[in-house]
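The structure under discussion appears below in the form of structure tokens.
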Amino acid sequence: MNAVVSACNILAATSGLRQQGWWAGDNIVCGDLLGALRSELIELVEQERFERAGIGRETDYLLDSDIRSDRIYWLNRERPMQRRLLDRMEELRLDLNRELFLGLFEFEGHLAHYPPGAFYRRHYDSFRGAANRIVSVVIYLNETWQPGDGGELVLYQPDSDEEIIRVQPRAGTMALFMSEEIPHEVLPARTHRASIAGWFRLNNSIAGHIDPPR
Ligand code: OGA
Ligand code: MN
């Protein structure tokens, strides 16, 4: 299987995004790539290459462990397995643009490690008007995850406590949602939780100002 999301799933995913603002599916990334990314994540964590994740952007960038306590490593093209994943995200970006006319310009994403006890409280990935992150994607790498291990992703109805869905962070599951519309939360993990979180963005770089800086 070459595409990250198969042709029939792309139609389900794009109609889900269009009609309800989210979609979740299973077995969408081929197993060997997921396994390789999971091994790489463990290796990078052991080498202490992960950093504390922040919230907000640029001038209002904060490290706030009351809000999130995962650790991250930005995906890059230097590493072959990450490059393979980024190539697939590129295909997905083109599929989303073709089906939804979103004009998505680029993808950015990171590996995320939630040690036992780590969480990410309810938040939006982007705020209306800021128009930076348009579609959020999360891919899970946890081959042995089982109920009781925690770390579920909860999607909520906009401006409400009503839950839409709890996504189990099992290897091969992918969730897509509109970044400005869907508040969401990562429940506390009880075992090590590995994921990839990313965003399809518009081109926000103006007059030499590259957004966001890293
Ligand atoms: C994020 C996020 C969800 C997840 O990193 O912004 O919401 O399930 N991640 O890892
Ligand atoms: Mn998020």
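Atoms within a ligand are numbered from 1 in the order they appear, just like the ligands themselves. Computed from heavy atoms alone, side chains included, the values below leave out hydrogens, waters and symmetry copies.
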| query | Taking atom CD of E48 as the centre, does the number of heavy atoms from other residues, nucleotides or ligands within less than 6.0 Å exceed 12? | reply | no

| query | For ligand 1, which atoms, with element, lie under 4.0 Å from some heavy atom of L153? | reply | 3 (C), 8 (O)

| task | State whether the number of non-hydrogen atoms from other residues, nucleotides or ligands found under 6.0 Å of N76 atom CG is greater than 12. | result | yes

| query | Looking only at heavy atoms of E185, does any of them come nearer than 4.0 Å to an atom of ligand 1? | reply | no

| Those atoms of ligand 1 less than 4.0 Å from some heavy atom in S195 | 10 (O)

| request: Report yes or no: is the cationic atom of R121 (NZ for Lys, CZ for Arg) under 6.0 Å from the centre of the six-membered ring of F119, at an angle within 45° of the ring normal? | output: yes

| field | Least distance between heavy atoms, L34 atom then G172 atom | value | CD1-N, 3.2 Å

| Just distances here: any N/O of H110 and N/O of ligand 1 closer than 3.5 Å? | no

| query | Do the side chains of I67 and Y120 get nearer than 4.5 Å, heavy atoms only? | reply | yes

| field | atom 8 (O) of ligand 1: nearest protein contact (heavy atom, Å) | value | Y140 OH, 2.5 Å

| field | Which atom of D125 approaches the Mn ion (ligand 2) most closely (N/O/S) | value | OD1

| message | Below 4.0 Å, non-hydrogen atoms only: which portion of R121 touches ligand 1? Side chain, backbone, both or neither. | response | neither

| query | Of all heavy-atom pairs between E152 and Q168, which one has the smallest distance, and what is that distance? | reply | CG-CA, 4.5 Å

| message | Looking at D161, I want to see if its CG is surrounded by more than 12 non-hydrogen atoms of other residues, nucleotides or ligands under 6.0 Å. | response | no

| said: Considering non-hydrogen atoms of the protein only, which is the closest contact for atom 5 (O) of ligand 1, and what is the distance? | reply: A197 CB, 3.5 Å

| field | N/O/S atom name from H123 that is nearest to the position of the Mn ion (ligand 2) | value | NE2

| query | Does an N or O anywhere in R193 fall below 3.5 Å from an N or O of ligand 1? | reply | yes

| query | Against heavy atoms of H184, which atoms of ligand 1 measure under 4.0 Å? | reply | 7 (O)

| A112 near ligand 1, heavy-atom distance under 4.0 Å? | no

| Under a 4.5 Å cut-off applied to non-hydrogen side-chain atoms, are Y73 and L41 in contact? | no

| Mind checking whether H110 and W199 have parallel, tilted or perpendicular rings, split at 30° and 60°? | perpendicular

| request: Check ligand 1 against W199 and write out every atom of the ligand that is under 4.0 Å from a heavy-atom position of the residue. | output: 6 (O)

| query | Looking at atom 3 (C) of ligand 1, what's its closest protein heavy atom, distance included? | reply | V186 CG2, 3.5 Å

| field | Closest to atom 6 (O) of ligand 1 (judged by heavy-atom distance), picking from V167, I139, D125 | value | D125

| Which ligand 1 atoms are under 4.0 Å away from a heavy-atom of Y120? | 1 (C), 5 (O), 6 (O)

| How far apart are the closest heavy atoms of Q20 and I182, and which atoms are they? | O-CD1, 4.2 Å

